[in-house]
2 protein chains.
Amino acid sequence: MTTIKDVAEKAGVTVTTVSRVLNNRGYISERTREKVRLVMEELQYQPNEIARSLTRKRSMVLGMIIPTIAHPFFSEMANAIENYASGFGYKLLICNSRMEQSKEKEYIDMLKSNRVDGVIMGSHTLDVQEYINLQRPIVTFDRRIADIPYISSDNYQGGQLAAQLFISKGCKKVAIISGDLSLDLLSNLRTQGFIETLKQHQIEPIVFQLGSDSFDRSTYDVLITELIEQHQGLDGIFASSDIVAMTVIKAAAARGISIPQQLKLIGYDDISFAELANPAITTIRQPIEAMSKLAVDLLDKLAQGEQVELENTLPVTLVERDTT
Amino acid sequence: MTTIKDVAEKAGVTVTTVSRVLNNRGYISERTREKVRLVMEELQYQPNEIARSLTRKRSMVLGMIIPTIAHPFFSEMANAIENYASGFGYKLLICNSRMEQSKEKEYIDMLKSNRVDGVIMGSHTLDVQEYINLQRPIVTFDRRIADIPYISSDNYQGGQLAAQLFISKGCKKVAIISGDLSLDLLSNLRTQGFIETLKQHQIEPIVFQLGSDSFDRSTYDVLITELIEQHQGLDGIFASSDIVAMTVIKAAAARGISIPQQLKLIGYDDISFAELANPAITTIRQPIEAMSKLAVDLLDKLAQGEQVELENTLPVTLVERDTT
DNA sequence: TTATATATGTCAACCGCTTGACATGTCAAT
DNA sequence: ATTGACATGTCAAGCGGTTGACATATATAA
C-alpha cells in the first residue's frame with residue numbers, strides 16, 4: 001500500500017508537508033495543497049487509520065455490546081446509532097454477548113484492547129466492577145451502574161400509559177408479561193408503573209415473568225399459552241415487548257380469542273414490526289432514535305473530557321393501533 | 001494506560017520477553033511466563049491492539065456494508081457472521097449504506113483506510129471498479145461482480161419451489177412481487193425460476209415490481225393494495241421477502257380476503273418473523289447461517305492468500321406454514 | 001526599512017508493539 | 001569435555017503517521 005512517504009516523494013515535498021495538508025494544520029499554500037492532493041489521487045493514497053489512531057490515541061471506533069443484533073430493538077438502535085455516529089466520523093463495532101457472562105467479559109476486554117473511544121452497553125450480565133475497569137467512556141441502556149451515565153426511556157411512565165389505556169377501555173382482568181424481575185434493570189419499572197396505576201383503580205394485575213433468557217423466542221409460545229389457559233377471561237395483556245405481543249396474538253388466534261374484542265393487547269418498544277403485525281399492535285413507543293443520538297452525544301462529550309448528566313430518561317409515547 | 005514496557009520493568013525482564021509470552025514464540029520458561037502473566041494481571045495490562053495491528057499488518061476487523069442493519073435479514077446475517085467470526089478473533093464493523101452511492105463509497109474508503117482484513121458487501125450501488133479498487137479480501141452477497149467471490153442462495157430454485165407449491169395447491173392466478181428487476185442482482189433469478197416453472201404449467205404470472213428502494217417499507221402497503229385491487233381473484237402471491245409478505249397479509253385482511261383459503265402466500269428469506277406472523281408465513285428459507293459462515297470462511301482463506309471458489313450458491317428450502 | 005504573516009523544509013522523537021540478529025549462560029545428555 | 005537444546009537479554013529497526021522545534025525564504029503591511 002502506498003504510504004505518506006510515497007506521496008511526499010512523488011509530490012516533491014516532505015512528509016511533514018503532506019501530513020499538514022492531510023490534517024489541515026500549519027501554513028500551506030493552495031498550490032502545494034493541490035499538488036499533494038493530486039498525487040494522492042494518482043497514487044490512490046488512503047492514509048493508514050491504524051497508524052493515525054496510534055499516535056492520536058483516538059480510534060474513532062465505538063463498541064456496542066448487546067445480547068444480539070438479531071433482535072429488532074437492538075438492530076434498529078444499532079442502525080440509528082451507526083447513522084448518527086458516522087456523522088462524527090465514528091465507526092461501530094458490534095458485539096453479541098448472547099447474554100453470556102464470558103462473552104461479555106471478552107468483549108469488554110477486546111474493546112479495551114482496541115482502544116475504542118466509547119462503549120454502549122446494552123447487555124448486563126456482569127458485576128459492576130467489570131464495567132468500571134473499562135476505563136473509557138461508556139454509557140449503558142436500561143441499567144444503572146455506579147457512576148456510569150445511563151439512557152433509558154421512561155419505563156415507569158410506559159407502565160402507567162398501558163394501565164391507563166386498559167382502564168379507559170374498561171378492562172377488568174389484566175396481566176403483564178414482564179421480563180425477569182430479579183434482574184436490576186430499569187425496564188422493570190414498567191411493571192411497577194403498570195401495577196401501581198391499576199391498583200389505584202382497584203385492579204390487581206396478574207404478573208407473569210418470562211425467564212431471564214428473554215431474548216430467546218423459542219420458549220415464548222409455550223409460556224404464553226400457559227398464561228392464557230391458566231387465566232381464563234383475561235381481557236387485557238401488557239406485553240414486555242412487541243415480539244412477545246406478536247406471540248400473544250398467535251396464541252390468542254389459535255384459541256379463537258379475538259383481539260381486540262375479547263382481549264386487548266399492548267406491546268412495548270414500537271419496533272417497525274409492531275405496525276406490520278396483523279393486527280397492528282398498540283404499543284408503548286420507545287424513542288429509539290433520540291436514545292441513540294443521546295448515546296452518541298454523551299460518548300462524544302465524555303471523550304472530550306466533558307461532564308455529562310448521569311440520568312437520561314426520555315419520555316415514551318402511546319401508539320394506539322388495532323389491538324386495543 | 002500501561003504498556004508492554006511497564007510490564008517488562010515490573011517483571012524485571014525485557015520487552016522482548018514480554019512480547020514472547022504474549023505471542024507464544026521463542027523459548028520461555030514456565031517460571032518467567034508465570035511471572036509475566038502475574039504482572040499483567042496486577043497492572044491490568046491490555047496489549048494495545050492498534051499497535052499490534054500496525055506491525056502485524058492485520059487488523060482482525062471485518063467490515064460489512066449493507067443497506068441497513070435495521071432490516072431483519074441483514075441483522076440476522078450480521079448476527080450469524082459476528083458469532084462465527086468472533087471465533088476466529090475477528091471483529092465486525094457495521095456500515096449502513098442506506099443504498100446511497102456516496103455513503104457506500106465513503107464506507108469502502110473508510111474500510112480501506114482502516115485496513116480491515118475483509119469486506120462483506122451486501123449493498124451494491126456502485127460500479128464494478130470501485131469494488132475492485134478495494135484491494136483486499138471481499139465477498140459479495142447476491143451479486144456477481146467481476147472476479148469477486150459471491151455468495152447467494154439458489155434463487156432460481158427458490159422461484160421454482162414457490163411455483164411448484166402454487167401448482168400443487170391448484171392456484172390459477174398468481175402474482176410475484178419482485179424487487180427491482182433492472183438491478184443486476186442474483187435475487188432476480190427468483191422471478192425467473194418462478195415464471196419459467198409456471199409457464200411449463202400454462203400459467204402466466206403477474207409480475208409486480210416493487211421500486212428499487214425496496215428496503216423502505218413505507219411505500220409497501222400502497223403498492224400492494226394496488227396490486228390486489230387491480231387484479232381481483234388472485235389466488236397466489238409470491239412475495240420477494242417475508243416483510244413484503246407481512247404487508248400482503250395486512251392488505252388481504254383489510255379487504256376480508258382470507259389466507260390461505262382464498263389467497264395463498266409465500267414469502268422469502270425465513271427471517272424469524274415469518275414464523276411469528278399471524279398467520280405464520282410459508283416461505284423459502286435462505287440458509288442464513290450457512291451463508292454467513294461461508295462468507296467468513298472465504299474471507300479468512302482469502303486473507304491467508306488462498307484461492308477460493310468464485311460461485312457459492314447454497315440451496316434453499318421450502319418451509320410450509322399457515323399461508324398456503 | 002522593519003516587522004510580521006505566510007510557506008516550506010529538515011530533523012527527530014514518539015505512539016506501542018514485533019521481530020530478527022546476535023550474545024550469553026545454564027543444564028542435561030553423550 | 002563437548003554438544004545442543006533451552007532461556008533470556010541487548011539492540012535496533014520497522015509499522016505509518018504526527019508533531020514540535022527550529023531554520024529559512026518570500027511577500028506584504030506599517
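Proteins come first, then strands; the chains are lettered A, B, ... in the order of their sequence lines, and each starts at number 1.
Considering only the side chain of A:Arg52, D:dG17 comes nearest among D:dG17, C:dC15, D:dG14. Here the nucleotide nearest the side chain of A:Thr17, chosen from D:dT8, C:dT18, C:dT8, is C:dT8. Distances from the side chain of A:Thr14 to the nucleotides C:dC17, C:dG9, C:dC15 place C:dG9 closest. Here D:dG17 is the nucleotide among D:dT18, D:dG17, D:dT10 with the atom lying nearest to any side-chain atom of B:Arg115. Residue A:Thr16 places its side chain closer to C:dT10 than to any other of C:dA7, C:dT10, C:dT18. Distances were taken from every side-chain heavy atom of A:Val13 (C-beta onward) to each of C:dC17, C:dG20, C:dG9; the shortest belongs to C:dG9. Comparing D:dG17, C:dT19, D:dT19 by their nearest atom to the side chain of A:Arg25 picks out D:dT19. Residue B:Arg20 has its side chain nearest to D:dT8 when only D:dT8, C:dG16, D:dG17 are considered. If you check C:dG20, C:dC17, D:dA21 against the side chain of B:Thr55, the one that comes closest is C:dC17. If you check D:dT18, D:dC6, D:dG16 against the side chain of A:Asn23, the one that comes closest is D:dT18.
One atom, CG of B:Asp6, and another, C1' of C:dG16, lie 11 Å apart when rounded to the nearest Å. Distance CG (B:Asn48) to P (C:dC15): 12 Å, rounded to an integer number of Å. Atom CD1 of B:Ile50 and atom C1' of D:dG17 are 13 Å apart (whole Å). Here the C1' atom of nucleotide C:dC15 and the CD atom of B:Glu49 are 15 Å apart, to the nearest Å. Summarising the geometry, the separation between CD1 on B:Ile4 and P on D:dG14 is reported as 19 Å, rounded to the nearest angstrom.
Interface remark: the B:Ser29 side chain does not form any donor-acceptor pair with the D:dC6 base, using a distance-only criterion of under 3.5 Å.
Using a 4.0 Å heavy-atom cutoff across all strands shown, B:Thr32 reaches sugar-phosphate atoms only and no base atom. Backbone-only engagement by B:Leu22 is indicated by non-hydrogen atom pairs under 4.0 Å involving sugar-phosphate atoms exclusively. Backbone-only engagement by B:Ile28 is indicated by non-hydrogen atom pairs under 4.0 Å involving sugar-phosphate atoms exclusively. B:Thr3 comes within 4.0 angstrom of sugar-phosphate atoms only, judged by non-hydrogen atoms across all strands, and of no base.
The closest donor-acceptor contact from the side chain of B:Arg115 to the backbone of B:Lys112 lies under 3.5 Å. Distance alone, capped at 3.5 Å, places no donor-acceptor pair between the A:Ser19 side chain and the A:Val15 backbone. No donor-acceptor pair closer than 3.5 Å links the side chain of A:Ser86 to the backbone N or O of A:Gly89.
Neither OP1 nor OP2 of C:dA7 sits under 4.0 Å from any side-chain N or O of A:Tyr27. Distances shorter than 4.0 Å separate some side-chain N or O of A:Tyr45 from OP1 or OP2 on D:dG17. For D:dT18, neither phosphate oxygen OP1 nor OP2 lies less than 4.0 angstrom from any side-chain nitrogen or oxygen of A:Lys57. Look at A:Ser19 and you'll find a side-chain N or O under 4.0 angstrom from OP1 or OP2 of D:dT18.
A:Leu93 contributes atom CG, which lies 9.5 Å from atom CG of A:Leu62 (distance to the nearest 0.5 angstrom).
Using a 30° and 60° split on the angle between ring planes, B:His71 and B:Phe73 fall in the perpendicular class, above 60°.
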Please walk me through it: do B:Leu294 and B:Val139 pass side chain to side chain contact (heavy atoms under 4.5 Å, CB included)? CA-CA 10 Å; B:Leu294 190 53; B:Val139 300; over 6 Å; no
